[in-house]
*Asks:* 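Got a structure for you, questions after.
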Amino acid sequence: MTTATETFFKSIQESTVPSYFGEGKTIRKTALQRLLEIGLPSNKSEEYRFTPITKTLEKKLVWETSTQASTLSSIEPFLIPGLDAHLIVLINGAFAKQFSNLDELESSVTVTTFAEANTQIKEKIVAQLGSLNKSDDAFSLLNTAFYQEGIFIHVPKNTVVAKPFLILHINDAQQKQVVSHTRLLVTVENGSAVSVIEKSDSIGAYPCFHTFTEEIVVGEDATFDYCKVQNDSGSIHQVSNTTLSQSNTSKVNTFTLTLNGQLIRNNLSIIIDGEHCESHFHGLYLVTGNTLVDNHTVVDHQKPNSFSNELYKGIMDENSKGVFNGKIYVRPHAQKTNAFQSNRNILMSESATINTKPQLEIWADDVKCSHGCTTGQLDEEALFYLQARGIPYDSAKAMLLYAFALDVVALIKNDTLKSYVDDLITERLHKNF
Amino acid sequence: MSKDNQLLEEFTSKEYEHGWNVNLEADEAPKGLSEDTVRFISAKKKEPTWLLEWRLKAYRQWEKMPEPKWSNVHYPKINYQDIIYYSAPKQKKSLSGLDEVDPELIKTFEKLGISITEQKRLTGVAVDAVIDSVSVATTFKSTLGELGIIFCSFSEAVKEHPDLIKKYLGSVVPMGDNYFAALNSAVFSDGSFCYIPKGVRCPMELSTYFRINAANTGQFERTLIIADEGSFVSYLEGCTAPMRDENQLHAAVVELYAMKDAEIKYSTVQNWYPGDKNGKGGIYNFVTKRGLCFGDHSKISWTQVETGSAITWKYPSCVLKGDYSMGEFYSVAVTNNYQQADTGTKMIHIGKNTKSRIVSKGISAGKSQNSYRGQVHIMKRASNARNFSQCDSLLMGDLCGAHTFPYIDVENQTARIEHEATTSKIGEDQIFYCLQRGIDEEAAVALIVNGYAKEVLNQLPMEFAVEAQKLLALTLEGSVG
Amino acid sequence: MLSIKNLQAKIGEKQILNGIDLQVNAGEVHAIMGPNGSGKSTLASILAGREDYEVTTGDVQFNGKDLLELEPSDRAAEGIFLAFQYPVEIPGVSTINFMKTAVNKIRHYRGQGPLDAVAFLQLMKEKMKLVEIDQSLLSRSLNEGFSGGEKKRNEIFQMAMLEPKLAILDETDSGLDIDALKIVAHGVNSLRSKNNATIVVTHYQRLLDYIVPDFVHVLYKGKIVKSGTKELAKELEAKGYDWIKNEAALV
């Protein structure tokens with residue numbers, strides 16, 4: 001952390017509370033103090049060994065959170081074609097009411113921005129904020145200190161939300177740099193089901209830095225489906241911190257697709273705080289250019305008899321870099337845990353790299369845990385076989401890469417979303433690799 | 001459950017077999033570490049000035065270094081001023097033959113089951129014995145000499161072969177490589193040296209036996225093995241220490257240097273005193289071992305069976321510089337009671353078509369923590385590099401922990417890397433199957449554990465394999481998950 | 001040799017055996033048949049000493065010893081052999097090494113010294129012929145990657161090596177083709193003598209064409225509901241188990 005950065009954070013600390021300091025003032029101040037103590041991560045920091053984010057950010061932008069209104073007149077290009085969803089749009093960190101649509105939402109379900117929340121809900125928000133995310137990650141602290149807006153979703157008991165939520169994060173850096181910080185709180189009560197799709201897009205050539213921190217509580221016997229599509233412009237730096245906790249017999253599926261961006265860091269933590277839970281989390285990163293994508297995942301088995309399965313795959317071309325770090329914790333007494341993890345990578349060019357660290361930490365003896373990880377190339381034999389059957393080299397290559405990526409997509413239940421994701425992958429594999 | 005506890009109890013009360021200490025008159029340095037200590041050691045050993053300068057340089061680097069904190073081991077702060085850095089068993093004069101060795105010493109080695117008398121020629125193992133950091137005897141010297149093989153104590157090599165030492169000392173593990181390597185470079189007292197000339201296959205196993213005897217003493221030995229072009233050597237290292245209440249520090253450095261077409265096989269059975277069942281005492285084992293595959297088609301293979309020490313911090317590594325060079329790491333690490341092990345390997349692929357293979361089998365019992373930490377690094381110009389890693393953990397009981405921290409860093413697209421890791425326990429159905437065939441529970445556990453570790457044990461030379469198997473069985477007696 | 005009186009057992013809260021009475025004398029072959037879930041394999045497991053089951057009442061005497069008081073490995077040493085329905089895999093441990101350990105442990109129990117390598121090898125060679133098993137299979141990790149037939153043949157080979165007084169074959173015919181079945185049966189028959197006894201637990205009559213029993217018992221809902229000679233097995237084959245179930249329901 002340079003002195004300039006430090007001076008900036010300190011000035012916030014010492015100055016009168018800026019306008020975006022709303023509810024939970026103490027929480028924000030504590031986070032900022034802690035951030036000043038630990039500083040932003042250097043390249044010596046174990047968690048950011050291969051992701052030189054601080055240096056790049058300090059070089060490229062000022063930390064001041066954006067307040068400018070966007071001049072966007074349509075969000076059409078960012079939507080998922082044909083997807084029938086409850087729509088929540090955030091532009092440069094601010095809620096864009098004009099583009100959002102919650103008309104068909106079940107009446108028992110509460111959705112509000114932090115700013116518009118009534119006193120009662122505000123109290124809930126303050127109580128829930130930081131209850132799951134206890135991370136000492138500098139960017140998580142930064143988000144807590146500076147978040148501009150948050151979305152609060154509450155699904156009461158035994159409610160199935162019919163349509164998925166689509167949350168759009170748009171960062172518009174056409175006029176000047178954007179620094180935005182947003183939050184999401186979701187509570188899925190016992191026996192309920194909901195699906196959330198998050199899509200982040202950015203436009204404009206100015207530098208852009210976006211953090212979002214999400215805390216999701218999944219109740220007993222509840223189901224939560226989560227899909228994240230990161231298809232930003234090449235100038236965005238993004239750090240997401242997603243923490244999920246699961247109660248007894250709940251099910252969670254997550255899928256993270258990363259296609260573009262300058263530097264994308266996803267911290268995903270799943271706390272399995274119940275028995276007989278099931279969690280599947282998949283990720284796919286297909287990157288080119290100078291993109292660096294860094295997925296850090298944690299599965300924390302705290303109770304016995306649960307199952308988790310993690311599958312992350314990546315294809316890196318040109319100067320892109322992939323980083324994967326997957327931790328599995330099986331705490332004492334979390335017996336009969338089944339936890340599996342797999343990370344597979346393909347490098348397509350001379351300068352692409354992958355740094356992977358699958359990490360198992362087990363304190364219980366009656367468990368089945370495994371991780372596997374491979375790095376390689378396309379199977380030359382298979383490539384030749386396809387060519388011998390008359391398929392041109394490029395198509396054959398795309399076909400094999402598609403086959404490699406296929407099983408990661410399998411978790412998506414919504415057909416419209418599935419075909420959208422499928423199209424994105426096919427396009428990427430044909431055009432860029 | 002109560003039965004398990006009872007068995008665990010039985011197991012934890014198992015005595016450490018090698019826990020006697022011998023009353024040898026020792027020649028010691030005063031406690032503490034300073035430039036004067038370094039000068040004292042160097043003077044005691046009548047070293048040339050260049051070596052003293054080398055030591056002092058290392059000491060000055062060490063002074064500035066922080067003690068590493070990244071490993072998964074926890075121990076009270078070591079007071080480096082409370083350690084005796086040099087302790088030699090007192091000998092009246094320099095020895096001209098084994099006949100003149102202190103009979104107490106000979107007895108010590110007989111208790112250990114090691115022969116330093118040449119009578120046991122049939123065993124076919126040449127031994128260099130190091131007690132409290134000082135080499136006391138080397139066997140089979142003349143036989144080896146006929147082939148041009150040099151196998152002697154490090155201090156002797158400094159006197160007899162200064163050019164080789166000057167050239168290769170610190171060439172694989174630089175003096176400032178890490179905290180413990182720097183400490184060793186400053187205060188190392190003795191160790192073994194070995195040179196295999198061009199094209200020679202060493203006809204017998206070379207072996208060093210390390211033992212810490214004196215109280216409050218740190219052991220800092222240094223081993224340097226050079227295999228010249230087309231040569232082959234298989235080297236064995238064994239360790240024991242007496243039971244003591246206080247922790248003792250062991251910070252060794254081993255450097256292997258393999259030239260074109262040369263092969264070095266280095267095997268270790270580490271059985272330092274692990275501390276008692278309450279975690280009192282035991283050796284802190286902070287060791288830097290590294291091999292350089294300098295020449296094309298060279299090969300270095302590490303095999304280790306780690307059963308002892310309160311703390312093990314050790315990553316025998318291979319730097320694969322030569323094209324087509326190959327590195328291997330086979331490890332069984334057993335921890336019990338309050339033992340902590342953080343061990344693994346680094347495979348640094350620099351040359352083209354380099355290959356590496358890692359097989360690590362961790363076994364945790366009692367309240368111990370067992371970590372595998374490893375790195376496979378494929379550098380940019382290392383095209384067609386291959387690595388296969390298998391890291392398995394076996395847990396016995398629900399109070400211990402198993403951890404794996406593999407780093408896989410790939411900078412070349414033609415690399416093929418495969419890493420697999422599993423965690424398991426001994427199945428109740430496996431135990432019952434053995435019981436039904438008349439094999440009692442303890443024997444069943446020993447059988448299953450040896451089966452689990454077989455791929456590694458198979459790498460050991462015959463004499464060591466038997467010892468290692470016995471050690472595993474002994475360490476895990478009665479410990480049923 | 002074996003005398004079971006009013007044996008009752010449960011697993012967890014579930015009652016499985018409801019009072020078994022059975023007398024097996026030296027030289028006899030008993031077949032225990034019954035539909036799935038009748039308790040056949042439970043009986044076999046309890047005799048061998050598996051801990052999952054809780055014996056609530058009953059008495060089992062084996063050559064004058066209270067069998068239920070003995071540790072599983074001591075039961076084996078006393079001469080009880082269970083051929084497992086699902087033989088367990090033990091990675092890294094060869095069958096040869098496994099058998100050497102077992103033979104010497106049992107010899108030790110009986111106060112005999114260990115067999116030396118030569119004697120052991122000789123014994124092994126002799127028994128291998130009996131079940132037509134190849135030495136290369138025995139050098140491999142125990143049951144790891146073995147086919148169903150190889151596993152079962154390995155069980156009979158082990159039985160031959162340990163020369164038990166009472167052999168219990170638990171569904172040894174399941175998963176075997178006719179040739180493998182013949183080999184297994186041949187092995188069992190060659191080991192029969194007036195000094196030992198065999199209990200064959202099976203669902204089908206097929207195996208009993210090759211291992212001819214002296215007595216056949218039908219187990220249903222944890223009780224022996226009918227006993228007879230080998231003709232009873234034939235009758236069961238023809239009529240199925242429903243007939244027994246109906247008869248039992250009437251009682």
Side-chain angles (χ1 to χ4, degrees), chain A residues 44 46 49-50 304 314-318 321-380, chain B residues 4 69-70 72 362 364-365 367 369-381 383-428 479-481:
Chain A
K44 287 207 180 98
E46 173 66 24
R49 254 171 29 120
F50 303 104
I315 305 174
M316 272 65 58
D317 201 358
E318 296 174 352
K321 293 186 188 322
V323 179
F324 174 81
N325 182 306
K327 296 188 179 88
I328 297 177
Y329 294 116
V330 180
R331 302 290 173 183
H333 314 302
Q335 298 289 13
K336 306 273 179 202
T337 289
N338 284 324
F340 306 104
Q341 182 193 81
S342 174
N343 173 233
R344 299 183 61 193
N345 300 287
I346 291 181
L347 296 181
M348 298 291 290
S349 80
E350 270 176 33
S351 33
T353 63
I354 174 76
N355 301 99
T356 162
K357 184 186 173 199
Q359 185 176 333
L360 280 176
E361 300 212 47
I362 319 279
W363 291 272
D365 61 337
D366 193 6
V367 299
K368 283 201 187 95
C369 295
S370 71
H371 67 224
C373 134
T374 59
T375 297
Q377 311 80 45
L378 277 186
D379 183 348
E380 293 290 333
Chain B
D4 285 0
K69 293 266 180 283
W70 44 261
N72 192 25
S364 337
K367 292 176 177 135
Q369 300 295 329
N370 200 325
S371 302
Y372 168 81
R373 186 183 304 276
Q375 185 187 25
V376 175
H377 191 166
I378 312 294
M379 309 273 260
K380 200 149 198 66
R381 65 166 285 263
S383 43
N384 295 314
R386 297 285 177 266
N387 164 267
F388 173 78
S389 307
Q390 173 83 45
C391 305
D392 295 331
S393 313
L394 189 73
L395 289 111
M396 303 175 85
D398 53 4
L399 300 171
C400 52
H403 315 266
T404 32
F405 307 93
Y407 294 77
I408 300 147
D409 302 317
V410 185
E411 292 166 26
N412 185 300
Q413 59 162 335
T414 57
R416 276 183 203 274
I417 313 292
E418 272 179 80
H419 172 96
E420 285 169 24
T422 62
T423 299
S424 58
K425 65 178 283 194
I426 295 179
E428 276 156 31
S479 163
V480 183

*Asks:* At what distance, to the nearest 0.5 angstrom, does CD1 of Ile315(A) lie from CD1 of Ile346(A)?
*Replies:*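 Answer rounded to 0.5 Å: 5.0 Å.
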
*Asks:* In terms of heavy-atom proximity below 4.5 Å to chain B, should Ser342(A) be classed as side chain, backbone, both, or neither?
*Replies:*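 No part of Ser342(A) comes within 4.5 Å of chain B.
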
*Asks:* Keeping to residues at least two apart or across chains, list the salt bridge (charged side-chain N to carboxylate O under 4.0 Å, His left out) pairs with something in residues 336-356 of chain A.
*Replies:*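 Residue pairs passing salt bridge (charged side-chain N to carboxylate O under 4.0 Å, His left out), neighbours aside: Lys336(A)-Asp366(A).
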
*Asks:* Anything under 30° is parallel, anything over 60° is perpendicular, the rest tilted; go ahead and classify Trp363(A) against His403(B).
*Replies:*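 Judged by the thresholds at 30° and 60°, the geometry between Trp363(A) and His403(B) is perpendicular.
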
*Asks:* Relative to chain B, which segment of Thr356(A) carries a heavy atom at a distance below 4.5 Å: side chain, backbone, both, or neither?
*Replies:*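 Both backbone and side chain.
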
*Asks:* What's the separation between atom NZ in Lys368(A) and atom OG1 in Thr337(A), rounded to the nearest 0.5 Å?
*Replies:*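 Answer for the NZ-OG1 pair, Lys368(A) versus Thr337(A), is 11.5 Å.
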
*Asks:* To the closest 0.5 Å, what do you measure between CD1 (Ile354(A)) and CG (Asn345(A))?
*Replies:*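 Going from the CD1 atom of Ile354(A) to the CG atom of Asn345(A) covers 3.5 Å.
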
*Asks:* Would you say the side chain of Arg373(B) lies within less than 4.5 Å of the side chain of Tyr407(B), judging by non-hydrogen atoms?
*Replies:*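 The answer is yes, as the side chains (C-beta and beyond) meet within the 4.5 Å cut-off.
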
*Asks:* State, to 0.1 Å, how close Leu395(B) and Thr423(B) come at their nearest heavy-atom pair, and which atoms those are.
*Replies:*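 Heavy atoms only, the tightest pair is CD1-CG2, 3.1 Å.
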
*Asks:* Under 4.5 Å heavy-atom distance to chain A, tell me which part of Asn370(B) shows up: side chain, backbone, both or neither.
*Replies:*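 Neither part; nothing is under 4.5 Å.
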
*Asks:* Among Cys373(A), Ser370(A), Gly376(A), Ala364(A), which residue has the highest count of heavy-atom pairs closer than 4.5 Å to chain B?
*Replies:*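 That would be Cys373(A).
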
*Asks:* If I measure from the heavy atoms of chain B, does Gln341(A) come under 4.5 Å with its side chain, its backbone, both, or neither?
*Replies:*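 Neither the backbone nor the side chain of Gln341(A) comes within 4.5 Å of chain B.
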
*Asks:* Could you check which of Gly401(B), Pro406(B), Ser383(B), Ser424(B) has the highest count of heavy-atom pairs closer than 4.5 Å to chain A?
*Replies:*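 Between Gly401(B), Pro406(B), Ser383(B), Ser424(B), the count favours Pro406(B).
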
*Asks:* Is Gln369(B) close to chain A through its backbone or its side chain, or both, or neither, when contacts mean heavy atoms under 4.5 Å?
*Replies:*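 Side chain of Gln369(B) only, per the 4.5 Å heavy-atom cut-off to chain A.
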
*Asks:* Select one option (side chain, backbone, both, neither) describing which atoms of Met316(A) are under 4.5 Å from chain B's heavy atoms.
*Replies:*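 The answer is neither part of Met316(A).
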
*Asks:* Do side-chain atoms of Ser389(B) reach the backbone of His419(B) as a donor and acceptor pair under 3.5 angstrom?
*Replies:*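 No; zero donor-acceptor contacts below 3.5 Å.
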
*Asks:* Between Thr374(A), Asn343(A), Asn355(A), Val367(A), which residue shows the highest count of heavy-atom pairs closer than 4.5 Å to chain B?
*Replies:*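 When all of Thr374(A), Asn343(A), Asn355(A), Val367(A) are compared, Asn355(A) has the most.
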
*Asks:* Just so I understand: if I count every heavy-atom pair under 4.5 Å between each of Leu347(A), Val330(A), Asn325(A), Thr375(A) and chain B, which residue has the most?
*Replies:*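 Looking at each of Leu347(A), Val330(A), Asn325(A), Thr375(A) in turn, Thr375(A) comes out on top.
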
*Asks:* Is the charged tip of Arg331(A) near the ring of Tyr329(A): under 6.0 Å from the six-membered ring centre and within 45° of its axis?
*Replies:*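 Cation-pi check for Arg331(A) and Tyr329(A): passes.
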
*Asks:* Taking every heavy-atom pair that is under 4.5 Å apart, which of Asn412(B), Thr404(B), Thr422(B) has the most such pairs with chain A?
*Replies:*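 Top option by heavy-atom pairs under 4.5 Å: Thr404(B).
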
*Asks:* I want to check something: taking the side chain as every heavy atom from C-beta on, are Glu46(A) and Lys357(A) in contact at a cut-off of under 4.5 Å?
*Replies:*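 Sidechains of Lys357(A) and Glu46(A): in contact.
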
*Asks:* Spell out, as yes or no, whether a donor-acceptor pair under 3.5 Å connects the side chain of Gln377(A) to the backbone of Ala415(B).
*Replies:*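 Pair found, side chain donor or acceptor close to backbone of Ala415(B).
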
*Asks:* Of the non-hydrogen atoms in Ile362(A) and Cys369(A), which two are nearest, and what is the gap between them?
*Replies:*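 Taking every non-hydrogen atom into account, CD1-SG, 3.5 Å.
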
*Asks:* Do Glu411(B) side-chain atoms and Thr353(A) backbone N/O form a donor-acceptor pair below 3.5 Å?
*Replies:*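 Not at all, since once roles are kept as given, no pair shorter than 3.5 Å links the two residues.
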
*Asks:* So which of Pro332(A), Ala352(A), Pro358(A) has the largest heavy-atom pair count under 4.5 angstrom toward chain B?
*Replies:*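 Among the listed options, the one with the most contacts to chain B is Pro358(A).
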
*Asks:* Given a strict heavy-atom distance threshold of 4.5 Å, which part of Phe340(A) is in contact with chain B: side chain, backbone, both, or neither?
*Replies:*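 Nothing of Phe340(A), per the 4.5 Å heavy-atom cut-off to chain B.
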
*Asks:* Please identify, among Ala339(A), Gly372(A), Ser351(A), Ser349(A), the residue contributing the most non-hydrogen atom pairs under 4.5 Å to chain B.
*Replies:*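 Greatest number of close heavy-atom pairs with chain B: Ser349(A).
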
*Asks:* Any residues in residues 374-381 of chain B near chain A, with a heavy-atom distance under 4.5 Å, and which are they?
*Replies:*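 Listed by number, the contacting residues are Lys380(B).
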
